[in-house]
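Input: a single structure, listed below in structure tokens.
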Amino acid sequence: RKTVYTGEQWITVDAPLNTIPMFVRAGSIIPTMPVMQYIGQREVYPVTFRVFPARTGTAAFELYEDDGDDLGYLKNEFLKTPVTFQPTDTGYNLTVGIRTGKGYTAPGPRNFVFEIYMDKAPKSVTMGGSKIKKINANRMAVDIEQETNTASWVWDKERNVCVVKLPDSGMETTVNIQQD
């Protein structure tokens, strides 16, 4: 359930023991990864970004990665991938920037998944002027895990979320999400 609040106010929210309320500022990008029992349980996995667009202004985030098992970060062994999400006159532009870093490499072919919380379904999703393939919602989970060489998208009408899957190429990629 989505409720929009304006800032600078006190609110009271029902929070029964089986519900955890989550408050996110518009214009935020929150990265997540699959639940694992220990570091390295899965070498390669999709990285999911939950995007909460603002009506104006650019949302920006920089994904920082390192080995996680050793002290390589003390020797500046890392990767950084910038992500921006910007409203346009007719929708949004999502840009995954060029990955930079040294001494650490991505663990293997993987996908970046963007869950974009929107009020209505997009009319089209394009990358480099070409339409990205819209797939069946039941197929998306398999596509995210197994297809690391093609982009795809789906509209989740129950959550009002546009899910865009992009292969992590390490190069700059811009996606246009057309709404009007």
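Residues take their numbers from the sequence shown, with the count starting at 1.
- Considering only heavy atoms from C-beta on, Thr32 comes within 4.5 Å of Arg50 through its side chain.
- With Leu166 as the fixed residue, the side chain to side chain contact (heavy atoms under 4.5 Å, CB included) test singles out one of Val96, Thr148, Asn111: Val96.
- Salt bridge Arg42/Glu145: present, at least one basic N to carboxylate O contact under 4.0 Å.
- When side chains are defined from C-beta on, Ile30 counts as touching Phe52, because their heavy atoms get closer than 4.5 Å.
- More than 12 heavy atoms of other residues, nucleotides or ligands sit less than 6.0 Å from atom CE of Met36.
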Run Gln178 and Thr126 through side-chain contact (heavy atoms from CB on, under 4.5 Å) and show every step you take. CA-CA 8 Å; Gln178 193 77 24; Thr126 59; over 6 Å; no
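- When all heavy atoms are compared, the tightest approach of Glu43 to Pro107 is O-CB, 3.2 Å.
- Looking only at side-chain heavy atoms (C-beta outward), Lys102 and Asn76 come within less than 4.5 Å of each other.
- In this structure, the side chains of Ile116 and Ile177 come closer than 4.5 Å at one or more pairs of heavy atoms.
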Let me see the working for Arg139 and Glu147 under side-chain contact (heavy atoms from CB on, under 4.5 Å), right down to the final yes or no. CA-CA 11 Å; Arg139 172 88 176 105; Glu147 299 292 328; 3.9 Å; yes
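- When Val113, Asp156, Ile135 are each tested for a side chain to side chain contact (heavy atoms under 4.5 Å, CB included) with Met140, only one passes: Ile135.
- Using a cutoff of 4.0 Å between basic side-chain nitrogens and carboxylate oxygens, Arg159 and Glu115 are scored as salt-bridged.
- Ala121 and Gln179 get closest at one heavy-atom pair: O-NE2, 4.3 Å.
- Under the 4.5 Å side-chain heavy-atom criterion for Ile, Leu, Val, Met, Phe, Trp and Tyr, Leu79 and Val44 are members of distinct hydrophobic clusters.
- Between Glu172 and Thr95 there is a side-chain heavy-atom pair separated by less than 4.5 Å.
- Side-chain atoms of Asn160 and Trp155, non-hydrogen and from C-beta on, do get closer than 4.5 Å to each other.
- Here Phe114 and Phe49 bring their ring centres to under 6.0 angstrom of each other.
- Using a 4.5 Å cut-off between side-chain heavy atoms of Ile, Leu, Val, Met, Phe, Trp and Tyr, with links allowed through other members, Met33 and Phe112 fall into the same hydrophobic cluster.
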